[in-house]
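None of these values were measured; they are calculated from a predicted model. In the text below, chain A, chain B and the rest are named by the order of the sequence lines, each starting its count at 1.
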2 protein chains.
Amino acid sequence: MDSAVAREQALDAAETLFYGRGIQSVGMDDIRGASGVSLKRLYQLFPAKEHLVVAYLERRDLRWRGRLAEYTDSHEDARQRVLAVFDWLGEWFREPDFRGCAWINSYGELGAVSEPVAEQVRAHKRAFRKYLEGLVDDAGLPAELAGQLHLLAEGAMVTAAVERSAEPAARAGRAARMLVEAYSPSDANGAPAGH
Amino acid sequence: MDSAVAREQALDAAETLFYGRGIQSVGMDDIRGASGVSLKRLYQLFPAKEHLVVAYLERRDLRWRGRLAEYTDSHEDARQRVLAVFDWLGEWFREPDFRGCAWINSYGELGAVSEPVAEQVRAHKRAFRKYLEGLVDDAGLPAELAGQLHLLAEGAMVTAAVERSAEPAARAGRAARMLVEAYSPSDANGAPAGH
DNA sequence: TAACGTAGAGAACGATGGTTCTCACGTCAA
DNA sequence: TTGACGTGAGAACCATCGTTCTCTACGTTA
């Protein structure tokens, strides 16, 4: 009844369905069925499907980055925080409903055809990249490393989705560790590469 | 008139349109208009749109891997061949109609909803990974490295698409060089990391 | 109680799209 | 020539879907 509640229910249904089956495969009537929010209300809250899609990506972005930050921030050491990103990816990949990166998927589906969706994807990836840069900077490591870790993380997301496996997170983590060590000044801890 | 010619024309149109605008945004009638192949003929050659999609991905897979191999094989040194992969990615990203990886895009759009398409994507990524493993093995480097380079390459494709920039290829190439050097036994050439 | 505004259920509308059908035309074999 | 066949153009069919409309029921207020 409360508009705010209906909005959250609509977004809950949108997230489950859009993420699980893709956007174009889900009709507004499916959203209604899954959310219990009538079509009339849906169109009051979101004047077109595209608005609902953008709102879904926005809310998921906040939650996704929140969960990531919560995980990494629980580590003391700055360098550990950098590597914890990949541990967290592994936990994410292991979630039973994991189906790849919502933004990469949306971009593949609508990036060429909906500018608002494309911009949402760019904003999310920009923010993720910025977050990595912060972690890397806190560890006293150069910004170049952040860009490289970003590529590893994106590659892990794609590969985990396609191969339906969480293993790419660990693989990316091992590569990340090697890069971190390669960039570290005066590397005195001496763990040999790759083990 | 020749069936084989019509098939190629249909696939040409499918490739341009599906890759450029996404699959669900392109109707069979668009394919007809762009190819000059009548609907009747189209449905003789491909009994359903899904077959056309799979055939498009199959043919593109052969060409894509062919072009990659042609480029890397032109390098003498085995280790150079490994790194040449990222140079080639840069050339690909700079093509004016570049719009990301066709398979990643298709997976995001239809992976959850069409098993044949999902399997096509898995097959392509498996073959790409296998190719990297061959290059890495020829250079006397461990298979683990191939997996890591694969993640870098996938990440570069995604990021180049979203950011509409070819720069991720160079960044991935720098990371790849560092990993190759880290894995190299008795590293006597001594180029310091990152420059 | 009466009048009113709002909401939900679901029908309706209009467009699109995958697939099939019609029909007129040309080709080739007998 | 004739008849069977294959073809192209495009209409037709049928389902889906985004979006809007209708109608009924209910809650609120005077």
message: Between P on C:dG18 and CD on A:Q24, what's the gap in Å once rounded to a whole number?
response: 11 Å
Side-chain donor/acceptor of B:K49 to backbone N/O of B:I23, under 3.5 Å: yes
- prompt: Taking atom P of C:dT20 as reference, at what distance in whole Å does atom CZ of B:R32 sit?
  reply: 16 Å
Sole residue of A:S106, A:S114, A:P116 in side chain to side chain contact (heavy atoms under 4.5 Å, CB included) with A:V54: A:P116
Between D:dT16 (C1') and A:D29 (CG): distance, integer Å: 11 Å
- request: With a 4.0 Å heavy-atom cut-off, tell me which residues in residues 7-15 of chain A come close to DNA chain C, sorted by residue number.
  value: none
- request: Mind listing the residues from residues 33-40 of chain A sitting with a heavy atom below 4.0 Å of DNA chain C? Number order is fine.
  value: A:S38, A:K40
message: As a quick check of understanding, evaluate salt bridge (charged side-chain N to carboxylate O under 4.0 Å, His left out) for B:R171 and A:E144, giving each step before the final call.
response: CA-CA 8 Å; B:R171 198 193 317 160; A:E144 162 78 1; 5.7 Å; no
- prompt: Regarding B:R60 and the six-membered ring of B:Y19, is the cationic atom NZ or CZ under 6.0 Å from the ring centre and inside 45° of its axis?
  reply: yes
message: Any carboxylate oxygen within less than 4.0 angstrom of a Lys/Arg side-chain nitrogen, looking at B:R122 and A:E163?
response: no
Interatomic distance, B:R21 CZ vs C:dT16 C1' [rounded to whole Å]: 13 Å
- line: Atom CG of B:L17 and atom P of C:dG18 are separated, to the nearest Å, by 12 Å
task: Would you kindly give the CG-to-P distance between B:D30 and C:dT16, to the nearest whole Å?
output: 11 Å
- request: State, to 0.1 Å, how close B:A13 and B:A34 come at their nearest heavy-atom pair, and which atoms those are.
  value: CB-CB, 3.8 Å
- prompt: Taking all non-hydrogen atoms of both residues, which atom of A:M28 and which atom of A:L39 are closest, and how far apart?
  reply: O-CD2, 4.0 Å
- prompt: Does anything in residues 42-57 of chain B reach DNA chain C, meaning a heavy atom under 4.0 Å, and if so which residues?
  reply: B:Y43, B:A48, B:K49
query: How are the rings of A:H75 and A:Y71 set to each other: parallel, tilted or perpendicular (split at 30° and 60°)?
result: tilted
- prompt: Only one of A:D138, A:V180, A:L135 forms a side chain to side chain contact (heavy atoms under 4.5 Å, CB included) with A:R79, so which one is it?
  reply: A:V180
task: Consider only side-chain N and O atoms of B:Q120 and B:Y107, and report whether a donor and an acceptor are under 3.5 Å apart.
output: no
- prompt: Would you say the side chain of A:F98 lies within less than 4.5 Å of the side chain of A:R164, judging by non-hydrogen atoms?
  reply: no
Between D:dG6 (P) and B:R41 (CZ): distance, integer Å: 12 Å
